[in-house]
Each structure stands twice: as structure tokens, then as C-alpha cells.
Amino acid sequence: MRLSSAFLKTMKEVPKEAQVVSHQLMFRAGMIQKLASGIYNYLPMALRSLRKIEAIIREELEKKGCQEVLMPVVQPAELWKESGRWEYYGAELLRFKDRKESDFCLGPTHEEVITDMVRKNLKSYKQLPWNLYQIQSKFRDEIRPRFGLMRGREFIMKDAYSFDESVEKSLENYQLMFDAYTEIFNRCGLKFKAVDAATGAIGGDKSHEFQVLADSGEDGILSCSHCGYAANEEKAAVKKVEYNLDSAEFAPMEEVHTPGRKSIEEVSDFLDKEPRELIKSMIYTIDEKPALILVPGNKEVNETKIQSFFNANIVALANDETVEKITGADLGFAGPIGLKEKIYIAADYRVDGIMNMICGANRSDYHLTGVNIGRDFKPDVYGDFIHAYAEDDCPVCEAGTLEEHRGIEVGQVFYLGTKYSEAMNCNFLDRNGKQTPAVMGCYGIGVGRTLAAAIEQNHDEAGIIWPMAIAPYEVVIMPLQLKDENVTDTADTLYKEFLEAGIDAAIDDRNERPGFKFNDADLIGYPVQIIIGSKTLAEGMVEIKIRATGEKMKINVAEVQEWIVDFKAEALK
RNA sequence: CGGGAUGUGGCCCAGUGGCUAGGGCACCUGGUUUGGGACCAGGGGAUCGGAGGUUCGAAUCCUCUCAUCCCGACCA
């Protein structure tokens, strides 16, 4: 590319709306332009990098036997009604009607469409496995788009869907994709962690996220200091046995007057007890059915864990009216004993270890003390319902504690099971001639977010520092004195040689002063700058600057091409 | 959706009742420059987010509205 005619405008100043580094640098380097909130034009520099990421994705997926397809952005409501998601996907799904008043939506993801596509072709187990992917624009009407390409509304995503005849085969596919993702992000030059993850609205019950480590990341990751355990903080398990207050014996259960004391702090202060001796009793609505969740008073309820434990679509705190109806008391005095309505009681494992606990009495201004599981009540089920935090003990090994990092989720793999294939009758004849739903997995990579994450992880005060594999151009040739024909001729010759040698080269032939070109080159972040100046060239040399290290060297003109080919090969290893 | 803030040329900002709305960056022309975002001179570009109102007079005050950003809730 000759920069003199490039569609490129760099900026010294940052638009004030750009808050994170990747957003600022992409603006300044002339890579993106905002069209509306969370909706961007990708300019040539950005698109070149995006295409390179896509090429890496395609290569690695094809290696694993995936096949590329392309599905529509516009999807009919019927399919979404069939899967049940038309109702509960919520406002993030952008819906509209066509001229015949039929309902449509812009695809935020493609489980419905692919399942429909596959069921029309799938007859026999002999056809499987299939793993189909596409790279395409998605639209999600995010409540609060932010941080440029990190959380846009329209964004480029690679989504893949696997179909297998059995759970075992599906999990094999899951592992193949896990491995492919590891390759892909390694090749993109990113430092990342694969972590246990919650499944959210996609459904299913096994998932990993690929998190690029960066302080600006929106996700918290907890990983063990000792073993390999790592999980999204919303999913991170908590070690099972933690509390055993070890009281000598059961105390009698008594009702105590606690006027106006509602919160854990208020009650524990008032009764002069530790928060961990109290039981936090929260009434949740889980897919519209109320349930009581019990956790130790010093812990926080984790709604994500409740959602996956109950395999629920929607989990929310019950409204005040519901709580008062169920407890027969004001808000703040709920407990497991004496509820006016019989509802499901789910207790965190750690509640089991607490003796002579304190909880709400289901009577306004009263709490119960000396409550004991077994004698006074019994939960319907136990589970892990609390938030994990940094410095908690590792749930897996004996030695480690959890450490927190920030991460940018660039990819996620899900084992789905038969959630969609059953809802949408995506069946095949198995080895015994029986109709069986296909076992599915789905796998996403945010392509634009990967680009943004790469910048978050690779930049300095001057600008972007592209990893070689995803740089828009691998090298920029910078003739400094355009009036010196020796300089311009040498630059042109090298430029042609580079292109012939398969090097992505740009030539900065703009009539600008050297300082301007240096700053632009640093900002745009070409991995290598070839600087051609009259004085050095008179000695038959050109100067090379390596962006990542700042290292500069002089090299004979005749050796430049070989050098750059070698340097690129080394960088891509 | 709750809280906070901001809309003045492509970008950053000044102007908070009074003349023809200013500066810097960017852009165009001419000249001088040419190894880390040059300098001088000239020039083009704005119905001050939009609508309504108050006023002799509104970018400035009031009402409504739209858009954008931040925090939260929410979210593969």
C-alpha cells in the first residue's frame, strides 16, 4: 500500500468518548469510525487485521474438520419461538416486522438457524460428526455498548456448531475445538487463559471461556496459585467444607426481638454475633417459581450458580410483595422456618456446617437463634450458591488460594447437549434404527474483540505494537527525503521486492517530514520500520527499527529483503 | 432502566444575555523548511444537537426532545 493514496487519517488527539486504550488507539490510528453507539465502520487498517485473524481461525478450524457456511443475519421469529427463546431472550434481540407484518430479528447467535438447517439434511448417524462454522456480523442490542470494539452492538463473530451422535463424540468435538482455540489465540500472539465458565442464555452445562489477560478486561478470573484451576469469578467454585463452628451442643431454638434490624450487619451487631453465624435467607424467583436460597451470612449469593444449578432461564430476586406474602412478614425477616407458603429451600453446602445459627423468624422484627439443620428444618437440596473471591482456598487442590485477574473474553466453547435439537426436532436414525436427537456444541470467537484485546495487551505510549501475525502490514518502508531520487528509487525497489517475497509492506511515500512519519509508524504499530535516509543510504545502508523492542540497526540495502523474510518467519514461530 | 455528565466546523476545547461565534489540531494556496507530529502569510469550512418558549436581543435563561459517554443493573 502506498500511504500517499491510502484511505487513512491518523489523529494526535483522542475523541473524549474513547475511554480504553484499544478504542483510543484504533481511533487515532484511523482504524475505526463510529456510526452509532456500538456500531462502527471498519476502515482499511482494521479490516486487514481482522482478515488476518479470520484467516488464522479458518486454517485452524479446517484442520479440525470444520466446514464453513454462511447463514443470514435476518432470521424469522418462527425458529425462535420453536426454541423458546423468542420469549426470554429479551430486549437484546433486535426485532422488527417485514412489510407483511411477519416478525423477524437480527441474529445475535445462530443456534436456531443452524439447527433448522441441519435437521433438514440430517438422516443418519453415518453422516456425523458435523461441525459447521461461519464468520459473520452479529447484532445484539446491548444495554450499554462501550469500549469501542470490545462491546459493540454489531460485531464480527466466528460461530461454530457441532452435531454428534453421542455425548462422548460431542465431548471429543468439544476438546478439538478447545485445542483449536488454543492454537488460534497463540498464533494471534495473545497471552490468555482458558477458564471454567457459566453458560448463560446459550444454555448447556459445560463451558470454557478464553480470556485475554488485560487490566481493562470486563471479566474477573480466579485462578489457583498452586494447581491449574481457573474459572470466571461468576462460576468459580468454593471449597466445600469451610465452616464448622464446632459448638459444644445444640442450643434451644428461641425467638428474639430484633426491632428494625434487617440486614446481616444490623442483626449481627444487635445480637453481638459474627455475620457467619447468621443465615442469609433470600427469596428468588427461578423461572417464575419462588425458592428460598440460604447462604452463610458473611457470603454473597451467586445468581449465576443458581441459574445453572436449576437449569433456569431467568433468576431474579423476588419482588417485595412476593416476599411479604411468602414470609408473612416485612422484608428482612425471612427464614427457612415458619414460611406461610411451602416453597423449595436450597441451601449452600456451607450452611450445613453452622450450628446454632441465626435466621429471620418470618415475623416482622423477630429473628430465631439456636437454629439447627436436621432438628429444626431440612433444606430440599444443597448446592454451591455463593460467590468466590480472591484469597479463598482453591476448590480443587489442598495447597493453593485463588488469585484474581482481569480478562477480556475473546472466545467461548459450550457443550450444549440436546437442548436445541430436542426443542427443534433435529433427529437422526442411530445405529439401532431409533430416532435420536443430535448432541450439540457451540463455539464462538469475537473477531473484533480479539483485535481490541490484542491492542490492549500490546501497546505503549506511542501506539500499537502489533503481533506479526495480525499486523495490518508487517513492515513500513519510510523514504525520508522524497527529493533524493536514490532514496525514493531504493524505497520503491524494496517495496516491490517485499511484495514479491510475500511480505505485507506499506510504503510511506507521503510528502511529510520525517518526525511525522516516525510518529505515525509507531502509532499504527507496524512490527518493522525500514527507514531510508539520504546519509545512511550514501553508505549503502538502511536503518531498521523493531517496534516491539525499539531496537534499531543498520543493514546493507542488498540484505534487507532476506533479513525481513527471516525476521517474519521467526516472529510467526 | 436508575445515577452522573456532555453536546459549539473532521478532532480537542474557549465563549454562560449584547457587535459579524473564537482558538489549537486537521484541510486548501504560496513561500521557507526536511531524522521524532516544522514555521510564516493567506484561505475554505458552523444554521452553537433538534423543537418550542422568555427577551429589544439567546450558543448563553426556561420547557420538551434527541444523541453520546461514564457508574450501576443487565449481558455468549
Side-chain angles (χ1 to χ4, degrees), chain A residues 8-20 23-24 27-28 30 33-39 85 88-93 107-111 138-148 150-153 155 157-161 197-204 207-211 218-219 232 234-235 303-304 307 313-317 408-414 416 441-446 449 461-463 478-484 487 508 510-524 529 531-537 542-543 545 550 552 554:
Chain A
L8 172 70
K9 187 87 204 109
T10 56
M11 283 190 290
K12 269 196 280 193
E13 283 167 314
V14 195
K16 59 171 184 257
E17 66 188 40
Q19 300 292 323
V20 297
H23 191 191
Q24 293 173 344
F27 256 121
R28 288 191 54 211
Q33 260 179 1
K34 190 176 69 175
L35 185 61
S37 180
I39 301 177
R85 290 206 289 185
Y88 78 80
Y89 206 96
E92 204 179 307
L93 185 65
T109 176
H110 279 66
E111 281 81 8
K138 296 282 184 282
F139 194 93
R140 293 182 189 177
D141 200 357
E142 295 278 353
I143 295 171
R144 185 149 86 84
R146 62 193 126 166
F147 305 155
M150 295 255 269
R151 184 169 292 277
R153 291 195 290 173
F155 57 98
M157 175 172 167
K158 185 286 300 175
D159 46 327
Y161 306 87
T199 51
I202 289 280
S207 179
H208 284 89
E209 286 167 351
F210 287 75
Q211 296 274 359
E218 293 186 90
D219 293 345
N232 190 305
E234 63 181 17
K235 165 84 177 183
E303 293 180 13
T304 307
Q307 184 180 26
N313 292 323
I314 298 169
V315 172
L317 270 175
I408 301 164
E409 179 199 340
V410 291
Q412 187 164 10
V413 293
F414 297 87
L416 289 177
C442 75
Y443 317 91
I445 291 179
R449 193 183 277 184
E461 319 72 54
M478 301 159 71
L480 297 186
Q481 293 82 20
L482 297 187
K483 286 178 184 159
D484 182 341
V487 167
D508 195 349
R510 295 174 299 180
N511 186 19
E512 296 288 354
R513 295 161 61 85
F516 187 94
K517 294 187 182 183
F518 290 139
N519 283 313
D520 246 16
D522 287 347
L523 172 62
I524 291 168
Q529 301 168 16
I531 301 155
I532 303 174
S534 294
K535 281 186 194 164
T536 344
L537 189 59
V542 297
E543 197 174 343
K545 176 178 166 183
K552 287 183 186 175
K554 285 181 184 172

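A, B, ... follow the sequence lines: proteins, then strands. Residue 1 opens every chain.
- A donor-acceptor pair is defined here as one N or O able to donate and one able to accept, closer than 3.5 Å; such a pair exists between the side chain of A:Lys517 and the backbone of A:Asp508.
- In this structure, CD1 of A:Ile143 is placed 15 Å from P of B:U68, rounded to the nearest angstrom.
- The side chain of A:Pro514 lies closest to B:G35, out of B:G36, B:G35, B:C12.
- Between the A:Arg153 side chain and the A:Ser37 main chain, a donor and an acceptor come within less than 3.5 Å of each other.
- Between A:Gln307 atom CD and B:C74 atom P the separation is 11 Å, expressed in whole Å.
- A gap of 12 Å separates the C1' atoms of B:A21 and B:G9, to the nearest Å.
- Remark: A:Lys235 does not engage A:Glu209 in a salt bridge, criterion side-chain N to carboxylate O under 4.0 Å.
- The residue A:Lys517 sits apart from the nucleic acid: no heavy atom pair falls under 4.0 Å.
- The side chain of A:Glu92 approaches B:C75 more closely than any other nucleotide in the set B:G35, B:C12, B:C75.
- Between A:Arg144 and the phosphate of B:C70, there is a side-chain N or O to OP1/OP2 separation shorter than 4.0 Å.
- Using a 4.0 Å heavy-atom criterion, one finds that A:Glu209 contacts no nucleic acid atom at all.
- Using a 4.0 Å heavy-atom distance criterion, A:Gln481 is classed as a base contact.
- Separating the C1' atom of B:C13 from that of B:A46 is a span of 15 Å, rounded to the nearest Å.
- The partner of B:G10 is B:C25, by the rule that a Watson-Crick or G-U pair needs both atom distances under 3.5 Å.
- Relative to the side chain of A:Glu13, the nucleotides B:C69, B:G35, B:C12 differ in distance, and B:C12 lies closest.
- Rounded to a whole angstrom, the distance from the C1' atom of B:U55 to that of B:C61 is 10 Å.
- Taking the C1' atom of each, B:A58 and B:G53 are spaced 11 Å apart, rounded to whole Å.
- Using a 4.5 Å heavy-atom threshold, the side chains of A:Arg449 and A:Glu409 count as touching.
- A side-chain N or O of A:Ser534 and one of A:Gln481 form a donor-acceptor pair less than 3.5 Å apart.
- With B:C1, B:C11, B:G35 as the choices, the nucleotide that has an atom nearest any side-chain atom of A:Met11 turns out to be B:C11.
- Using a 4.0 Å heavy-atom cutoff across all strands shown, A:Leu482 reaches no nucleic acid atom at all.
- Straight-line distance from the NE2 atom of A:His23 to the P atom of B:C11: 13 Å, rounded to whole Å.
- Going from atom CG of A:Asn511 over to atom CZ of A:Phe516 covers 11.0 Å, rounded to the nearest 0.5 Å.
- No side-chain donor-acceptor contact under 3.5 Å links A:Thr10 to the backbone of A:Arg28.
- Pair check for B:C39 finds B:G31; Watson-Crick or G-U wobble, both atom distances under 3.5 Å.
- Listed nucleotides: B:C69, B:C74, B:U33. Nearest to the side chain of A:Arg513: B:U33.
- Nearest-nucleotide mapping onto RNA chain B: of A:Met157 and A:Asp522, the residue sitting toward the 5' end is A:Asp522.
- Counting any heavy atom pair closer than 4.0 Å across all strands shown, A:Arg28 reaches a base atom.
- B:C1 and B:G72 make up a base pair, with Watson-Crick or G-U wobble contacts both under 3.5 Å.
- Panel note: side chain A:Glu92, backbone A:Glu142; no donor-acceptor pair is recorded below 3.5 Å.
- Between the base of B:G35 and the side chain of A:Thr536 there is a donor-acceptor pair shorter than 3.5 Å.
- Of all nucleotides listed (B:G36, B:C74, B:C25), B:G36 comes nearest to the side chain of A:Lys552.
- For A:Glu512 and B:G37, a side-chain-to-base donor-acceptor distance below 3.5 Å is absent, hydrogens and geometry of angles not being considered.
- Looking at heavy-atom distances under 4.0 Å, A:Phe147 makes contact with sugar-phosphate atoms alone, never a base.
- Nucleic acid contact class of A:Gly444 (heavy atoms, under 4.0 Å, all strands): none.
- Using a 4.0 Å heavy-atom distance criterion, A:Lys9 is classed as a sugar-phosphate-only contact.
- Between the side chain of A:Gln412 and the backbone N or O of A:Ala198, at least one donor-acceptor pair lies under 3.5 Å.
- Among the heavy atoms of the strands lying under 4.0 Å from A:Lys16 are primed sugar atoms or P, OP1, OP2 only; no base atom is included.
- In this structure, A:Tyr89 places its OH atom 16 Å from P of B:C74, rounding to the nearest Å.
- The separation of B:C12 from B:C27, taken at their C1' atoms, amounts to 16 Å, rounded to a whole angstrom.
- Separating the P atom of B:G24 from that of B:G44 is a span of 15 Å, rounded to the nearest Å.
- With both pairing distances under 3.5 Å, B:G17 is matched to nothing as a Watson-Crick or G-U wobble pair.
- Rounded to whole Å, the separation between the C1' atoms of B:A51 and B:G36 comes to 50 Å.
- One P atom belongs to B:U16, the other to B:A59, and the distance between them is 13 Å to the nearest Å.
- A:Asp520 comes within contact range of at least one nucleobase, with a heavy-atom separation under 4.0 Å.
- Rounded to whole Å, the distance from CG on A:Asp484 to C1' on B:G35 is 14 Å.
- Counting to the nearest Å, the P atom of B:C75 and the CD atom of A:Glu142 are 10 Å from each other.
- Shown here, B:A46 forms no base pair; nothing in the strands shown gives a Watson-Crick or G-U wobble contact with both key distances under 3.5 Å.
- Looking at which nucleotide of RNA chain B each of A:Ala18 and A:Lys483 is closest to, the 5′-most match is held by A:Lys483.
- Note: CZ (A:Arg510) to P (B:A26) measures 13 Å, nearest angstrom.
- To the nearest angstrom, C1' of B:A26 lies 16 Å from CG of A:Asn519.
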